[in-house]
Amino acid sequence: MKKLMRMLSLLLTLCLALALAAPALADDGAAQAILDGKEYATVYKSYFSTSYPSLNYFSTSYATVREFATNCVDSLVEPDIYGNYTGALAESWEVNDDYTVWTFHIRQGQKWIDYTGAQTEYDVTAQDFVDGIRYIGDPQNGAYSLRVIRNLITGLYDYYWGLDDIDCGDDTETKREDLVARFDEIVGVKALDEYTVQYSLDNGAPYFLSLVESSMLLLPVEYAYVTAQGDDFAVDNTHMLYCGPYYVSSFERDKKIVLTKNPYYWDADKVQVESIEYQMIPDGTTSLEMFIRGELDYTSVESEAFMSLQGGEWEKYLIPNEFSFSTNYLWLDFQGANPEFNTFIQNVNFRRALRAAVDRESLASLREPMQPSRLVRNTVNAEGAIFNSQGVDYTQIPPLDEIANADYSADENAARAYMEAAIAELCEADGTIKGVEAGEVDYLPVIKTAVDGKLPVTLIYVGTNDESEIILAQLFEAMVEEAIGEDYIDVVLAFDTSGDFYDTVGGSVDGPFNYDIYWDSLSTGYADPSGILTRITSDGVENVGCYSVPEFDALIEKALSAPTFDERLAYFAQAEAYLLDNAFMIPVISSLRGYHMTYEIPHTAPRALYGSDRYKGIRVATTPLTLDEYNILDAAWESQRNAK
């Protein structure tokens, strides 16, 4: 394992010796010459990697299905190419002084279309946005990650839990149909007229437009159609309707999915690409291989591939990625079947030992070999994503600023000291772990292994069998065992080969819990910390490790009921700092992939800071973009943005 660390160190040294191309100075003439010299494709080629059981955008947890919905069901507003909000299905909007009442004026004359691109009899109206909330407000419809919306829109919390009490038998006096009939009376979303929808919120939400941009739960739905479909709603492309720039014209779950331009879309002239074709990526194939063969229009390029392309014909096409609001972290299982790890993970000193053992820059170098430090991130919510009324970055609000700015470089002395403190509390003098007996840990179908109830503590790291994750896992094993000491900890690696990692290993609060630690990510979905933090409370939908942290939960509740946005952020900052200081989860790096290659012309699609990629407006060249071309186009865009 030490050899692996030395090899990584050599790789970093070699990479850092390479020179990045200098940013181009703004030259609108040169940028226009590049654009004029390109030929453009009418098809954008992308990929997907798993079979999707449904296209229901209200209930899906799949990022790619949310991407389909973002491009096929229009939202009230959308970002322009600079990230500023402009009207989509809403022509205009206004908000009251305390950001608790938002009123949107819907474009007239828009129709829902079907999977053939034909117009239906259904107009897009304000009622469709009301009915979207009506749909997610019914617990029987299984809306995904509902908590933020449920706690924000006036009355929705009471309506939802009222129905849930009836369904669970806790309320035997109220008739379900009677409560459903009172939706318009209880819930703070109203169609003021046919083309005006108004949202009333329990708390001021200056970030509401970013929530509109990112959340599937604020999209419209044609309720008469949904009611007629029943349980078949959105089971495939033929059982849903569309009102966005594209519609799903073909849905072969295990082969190919096609989005086709909506000819009736209100802004159809801005839709440059006629279709977006997603093909299932074959087993054993990488997106880089498919890109080089001309089968894809975009690919990320990580460290090993980056190095392999140096000095070859593809080197000039390597473009640094800009930012990611997604954070990779180590997810810890507090309810696993490994008695050794389960005993130790409850101890804060052990968790801090793990944190001190992790060399973030080494892990980052697997994605960004040139400047790995730019990927290091100590917080769950990303820097640059959320700001208070004074323009202060959320991650710089005390006490979270201390976490964000801390030097969490690997520290062998600290890791060893924390581990010894944990051992003093949890072990007998002979190294026997208190209360733990020898036995077997059954994490099948991934791994089954014996433990003896003595030091070193067995830690089972479970990952996918993707080559890049195997390398990451091996590096994690090496750094943890070297920092803490092989006499104290034994990292056992196991890799899931089922092709469905979360169902096999553990992606739900209901289990399975077939791991001690795995690598995962969460993304800041809109300009408020609640997008992540309310999902990882003790009872949160993303708390798949099932920790219980009442102090964190209490601070989240204070944040959600805070009278002002700045107070809200202050409580959230306290909550996140508490969770991370006590290492209930361990953020490591931004999910940014260091480099990419592409046929896309930069800054032609909406600049989606939150939520899924939007393809409206995107231009795709017939030849890949070089780094020099990218730098010229990027500098011209930056100059234009500054001028605005």
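Throughout, numbering of the chain's residues begins at 1 and tracks the sequence.
- Between the side chains of Ser51 and Asp254, at least one donor N or O lies within less than 3.5 Å of an accepting N or O.
- Heavy-atom minimum distance, Asp74 versus Pro220: O-CD, 3.4 Å.
- A heavy-atom distance below 4.5 Å is found between the side chains of Gln279 and Met290.
- No more than 12 heavy-atom neighbours from other residues, nucleotides or ligands sit within 6.0 angstrom of OH on Tyr47.
- For the salt bridge (charged side-chain N to carboxylate O under 4.0 Å, His left out) condition, the pairs that include at least one residue of residues 521-536, sequence neighbours left out, are Asp528-Arg568, Arg535-Glu542.
- Distance check: Leu211 CG to Leu76 CG gives 11.0 Å after rounding to the nearest 0.5 Å.
- Contact of the Glu222 side chain with the Thr120 side chain is not registered, since no non-hydrogen atoms from C-beta on lie closer than 4.5 Å.
- Judged by distance alone, with hydrogens and angles left aside, the side-chain atoms of Ser214 form a donor-acceptor pair with the main-chain N or O of Gly525 at under 3.5 Å.
- Within 6.0 Å of atom CG in Asp539, more than 12 heavy atoms from other residues, nucleotides or ligands are found, so the atom counts as buried in its surroundings.
- Of all the heavy atoms in Leu35 and Ile601, the pair that sits closest is CD2-CG2, 3.5 Å.
- Shown here are the side-chain hydrogen bond (donor to acceptor under 3.5 Å, both in side chains) partners of Arg374, two or more places apart in sequence or in another chain: Glu368.
- Note: Tyr278 and Phe68 have perpendicular aromatic rings, judged against thresholds of 30 and 60 degrees for the angle between ring planes.
- In this structure a side-chain-to-backbone donor-acceptor pair under 3.5 Å is missing from Arg150 to Gly137.
- Proximity of a side-chain donor or acceptor of Arg377 to a complementary backbone N or O of Ser326 within less than 3.5 Å is detected.
- Evaluation of the salt bridge (charged side-chain N to carboxylate O under 4.0 Å, His left out) test over residues 228-247, restricted to residues two or more places apart or in two chains, returns none.
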- prompt: Between Phe513 and Tyr443, is a side chain to side chain contact (heavy atoms under 4.5 Å, CB included) present by the stated rule, with each step listed?
  reply: CA-CA 8 Å; Phe513 303 105; Tyr443 284 165; 5.8 Å; no
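- In this structure, the separation between CZ on Arg253 and CZ on Phe48 is 10.5 Å, given to the nearest 0.5 Å.
- In this structure, Ser287 OG and Ile292 CD1 are separated by 9.5 Å, a value rounded to the nearest 0.5 Å.
- With contacts defined as side-chain heavy-atom distances shorter than 4.5 Å, the pair Tyr595/Pro369 qualifies.
- For the pair Ile386/Pro529, a side-chain contact is recorded, criterion being any heavy-atom separation below 4.5 Å from C-beta on.
- Listed by chain and number, the residues in a side-chain contact (heavy atoms from CB on, under 4.5 Å) with Tyr599 are Phe291, Asp297, Val620, Pro624 (sequence neighbours excluded).
- Nearest heavy atoms, Gly109 versus Tyr195: N-OH, 4.4 Å.
- For Glu467, the CD atom is loosely surrounded, since the number of other residues' heavy atoms within 6.0 Å does not exceed 12.
- With sequence neighbours excluded, the residues forming a salt bridge (charged side-chain N to carboxylate O under 4.0 Å, His left out) with Asp138 are Arg176, listed by chain and number.
- Thr504 places a side-chain N or O within donor-acceptor distance of the main-chain N or O of Asp500, the cut-off being under 3.5 Å.
- Aromatic ring orientation, Phe104 versus Tyr199: perpendicular (interplanar angle above 60°, classes split at 30° and 60°).
- From Tyr57, atom OH reaches atom CZ of Arg66 across 15.0 Å, with rounding to the nearest 0.5 Å.
- At distances below 3.5 Å, not a single donor-acceptor pair connects side-chain atoms of Ser75 with backbone N or O atoms of Glu213.
- Although no hydrogens or angles enter the test, the distance criterion places no donor-acceptor pair under 3.5 Å between the side chain of Tyr115 and the main chain of Met240.
- Side-chain N or O atoms of Ser250 include none that pairs as donor or acceptor with a backbone N or O of Val258 at under 3.5 Å.
- Closest approach of Gly117 to Ile113, counting heavy atoms only: CA-CD1, 4.0 Å.
- The shortest non-hydrogen separation linking Ile632 to Ala31 is CG2-N, 3.6 Å.
- For the salt bridge (charged side-chain N to carboxylate O under 4.0 Å, His left out) condition, the pairs that include at least one residue of residues 594-622, sequence neighbours left out, are Glu78-Lys616, Asp267-Lys616, Glu322-Arg607.
- Ionic pairing of Glu277 and Lys256 is present here: one or more N-O contacts between side-chain nitrogen and carboxylate oxygen are shorter than 4.0 angstrom.
- Here the side chains of Glu629 and Thr623 are not in contact, with every heavy-atom distance at 4.5 Å or above.
- Residues meeting the side-chain hydrogen bond (donor to acceptor under 3.5 Å, both in side chains) test with Asn151, sequence neighbours left out: none.
- Residue pairs meeting the ring pair (Phe, Tyr, Trp, His ring centres under 6.0 Å) criterion with at least one member in residues 231-268, sequence neighbours excluded, are Tyr135-Phe233.
- Atom CD1 of residue Ile153 and atom CD1 of residue Ile136 lie 6.0 Å apart, to the nearest 0.5 angstrom.
- The side-chain contact (heavy atoms from CB on, under 4.5 Å) check on Phe183 picks up Val130, Ile133, Arg134, Tyr159, Val187, Val189, with sequence neighbours excluded.
- Inter-residue side-chain proximity for Thr70 and Met216 is flagged as met; some heavy-atom pair is nearer than 4.5 Å.
- Here Gln272 pairs with nothing under the side-chain hydrogen bond (donor to acceptor under 3.5 Å, both in side chains) rule; sequence neighbours left out.
- Inspection of the Asp628 and Thr626 side chains reveals no N or O donor paired with an N or O acceptor under 3.5 Å.
- In this structure, Trp93 contributes its side chain and Val77 its backbone to no donor-acceptor pair below 3.5 Å.
- Closest approach of Phe129 and Thr125 over heavy atoms only: CD1-O, 3.7 Å.
- No donor-acceptor pair under 3.5 Å is formed between the side chain of Asn465 and the backbone N or O of Thr497.
- Using a 3.5 Å distance cut-off with no hydrogens or angles, the side chains of Thr64 and Tyr52 do pair a donor with an acceptor.
- Every residue meeting the side-chain contact (heavy atoms from CB on, under 4.5 Å) condition with Thr464, not counting sequence neighbours, appears here in chain and number order: Asp466, Glu469, Phe501.
- A donor atom on one side chain and an acceptor atom on the other are found under 3.5 Å apart for Asp520 and Tyr502.
- With contacts defined as side-chain heavy-atom distances shorter than 4.5 Å, the pair Val446/Tyr515 does not qualify.
- Put simply, OG1 on Thr327 and CG on Leu375 are 10.5 Å apart, with the number rounded to the nearest 0.5 Å.
- Heavy-atom contacts from other residues, nucleotides or ligands closer than 6.0 Å to NZ of Lys111 number more than 12.
- Between Tyr630 and His603, the ring-plane angle classifies as tilted under the 30° and 60° cut-offs.
- Residues Tyr526 and Ser215 fail the side-chain proximity criterion, which asks for heavy atoms closer than 4.5 Å.
- For the side-chain hydrogen bond (donor to acceptor under 3.5 Å, both in side chains) test, no residue two or more places apart in sequence or in another chain qualifies with Ser300.
- A donor-acceptor pair under 3.5 Å links the side-chain atoms of Lys45 to the main chain of Gly294, judged by distance alone.
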